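Given the structure is predicted, the values throughout are model-derived calculations rather than measurements. Chain A is the first sequence line, chain B the second, and so forth, proteins listed ahead of strands; every chain is numbered from 1.
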Amino acid sequence: EAQVTQNPRYLITVTGKKLTVTCSQNMNHEYMSWYRQDPGLGLRQIYYSVNVEVTDKGDVPEGYKVSRKEKRNFPLILESPSPNQTSLYFCASSLNWGETQYFGPGTRLLVL
Amino acid sequence: DQQVKQNSPSLSVQEGRISILNCDYTNSMFDYFLWYKKYPAEGPTFLISISSIKDKNEDGRFTVFLNKSAKHLSLHIVPSQPGDSAVYFCAASVEGYQKVTFGIGTKLQVIP
């Protein structure tokens with residue numbers, strides 16, 4: 001089954017404790033992206049990647065890092081989480097830029 | 001600065017009637033537009049898209065209209081069904097650029 005998986009689905013952590021949210025897709029997609037969804041702000045793009053080792057900032061990259069060492073994986077790293085990063089995070093992938101994106105189920109993060 | 005605006009946070013429609021969801025954009029460079037649907041506790045799923053070379057695209061009960069001069073697009077759902085109750089996101093992008101900009105979403109409730 002074609003899918004995008006994210007782990008963990010729920011995470012509670014404390015300020016400053018590094019964490020990684022994993023994202024994996026099994027569709028051999030070139031393009032992957034991370035979004036956060038906040039009330040009244042919709043979906044905002046954090047980072048995207050157009051291929052292995054090629055990543056770029058979206059609209060809200062501050063406080064986040066990403067890597068794309070393999071085509072299928074695109075982890076989101078919070079080196080020093082802060083409460084304002086409490087949000088619902090979605091990973092997405094598509095075959096190419098501009099094509100339909102397939103979203104993962106979301107990761108709900110609470111930073112205390 | 002919200003480049004993609006969905007000014008109606010919510011909409012209620014009777015089953016069988018037409019649902020019209022609206023989206024305005026400010027960036028005249030946008031040339032590809034998409035609608036995504038999102039159920040609670042799930043990631044967004046692609047619904048329908050339209051390129052700026054068209055003014056209408058239809059897929060079953062769903063039709064998207066694009067008015068480039070007004071920088072406005074709308075999603076029509078006819079007839080509306082209770083299963084259409086979800087949050088609908090409008091998204092836009094520019095060919096050659098990998099960023100995708102989403103609106104804040106409109107919550108549609110279809111009343112049986």
Side-chain angles (χ1 to χ4, degrees), chain A residues 1-7 9-10 21 23-25 27 29-51 54-61 66 68 74 87-108, chain B residues 1-10 21-27 29-54 57 59 62 64 86-108:
Chain A
E1 181 191 352
Q3 60 182 351
V4 178
T5 57
Q6 295 178 228
N7 282 293
R9 294 290 311 277
Y10 304 92
V21 183
C23 173
S24 183
Q25 50 94 2
M27 296 169 278
H29 284 170
E30 302 278 341
Y31 182 90
M32 297 186 75
S33 189
W34 275 102
Y35 296 88
R36 59 179 288 174
Q37 183 186 5
D38 301 288
L41 296 174
L43 285 162
R44 293 180 294 167
Q45 195 172 34
I46 304 170
Y47 269 94
Y48 61 88
S49 170
V50 301
N51 212 328
V54 183
T55 64
D56 206 349
K57 297 176 181 178
D59 294 316
V60 288
V66 292
R68 187 92 181 272
F74 190 45
S87 188
L88 178 58
Y89 291 88
F90 291 101
C91 179
S93 74
S94 61
L95 188 58
N96 287 302
W97 163 89
E99 296 196 9
T100 304
Q101 291 189 73
Y102 295 83
F103 283 81
T107 295
R108 189 167 290 279
Chain B
D1 174 33
Q2 195 113 50
Q3 296 189 58
V4 177
K5 300 177 185 178
Q6 294 179 258
N7 292 318
S8 299
S10 63
L21 293 90
N22 293 304
C23 179
D24 296 295
Y25 60 96
T26 57
N27 187 343
M29 299 291 289
F30 286 145
D31 55 9
Y32 192 65
F33 304 90
L34 311 96
W35 285 94
Y36 286 83
K37 178 167 76 172
K38 184 184 179 302
Y39 293 118
E42 294 182 12
T45 55
F46 170 75
L47 191 57
I48 193 168
S49 63
I50 188 166
S51 161
S52 61
I53 63 172
K54 292 185 173 182
N57 190 25
D59 184 2
F62 303 92
V64 57
V87 176
Y88 289 79
F89 289 99
C90 173
S93 58
V94 178
E95 186 173 3
Y97 292 86
Q98 286 76 28
K99 284 188 183 182
V100 180
T101 302
F102 282 77
I104 66 171
T106 295
K107 185 174 184 178
L108 173 66

Quick one: what part of [X] sits under 4.5 Å from any heavy atom of chain B, side chain, backbone, both or neither?
| X | result |
| --- | --- |
| A:Gln45 | side chain |
| A:Arg9 | side chain |
| A:Gln37 | side chain |
| A:Leu43 | both |

- Message: For A:Met32, is there any backbone N or O sitting under 3.5 Å from a side-chain donor or acceptor partner on A:Ser93?
- Response: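 It does not hold such a pair.
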- Query: With B:Phe102, which residues qualify under ring pair (Phe, Tyr, Trp, His ring centres under 6.0 Å), at least two apart?
  - Reply: A:Tyr35, B:Tyr36
- For B:Tyr25, which residues count as a ring pair (Phe, Tyr, Trp, His ring centres under 6.0 Å) partner, sequence neighbours excluded?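 Testing B:Tyr25 for ring pair (Phe, Tyr, Trp, His ring centres under 6.0 Å), a comparison that skips the adjacent residues, returns B:Phe33.
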- Message: Does any backbone or side-chain atom of B:Val87 lie under 4.5 Å from a heavy atom of chain A? Answer side chain, backbone, both or neither.
- Response: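 No part of it gets close to chain A.
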- Query: Which region of B:Ala91, side chain (C-beta onward) or backbone (N, CA, C, O), has a non-hydrogen atom less than 4.5 Å from a non-hydrogen atom of chain A, or is it both or neither?
  - Reply: neither
- Between atom CZ of A:Arg108 and atom CD of A:Gln6, what is the distance when rounded to the nearest 0.5 Å? 12.0 Å
- Under the side chain to side chain contact (heavy atoms under 4.5 Å, CB included) rule, what do A:Met27 and A:Tyr102 come out as? Steps first, then yes or no, please. CA-CA 10 Å; A:Met27 296 169 278; A:Tyr102 295 83; 4.0 Å; yes
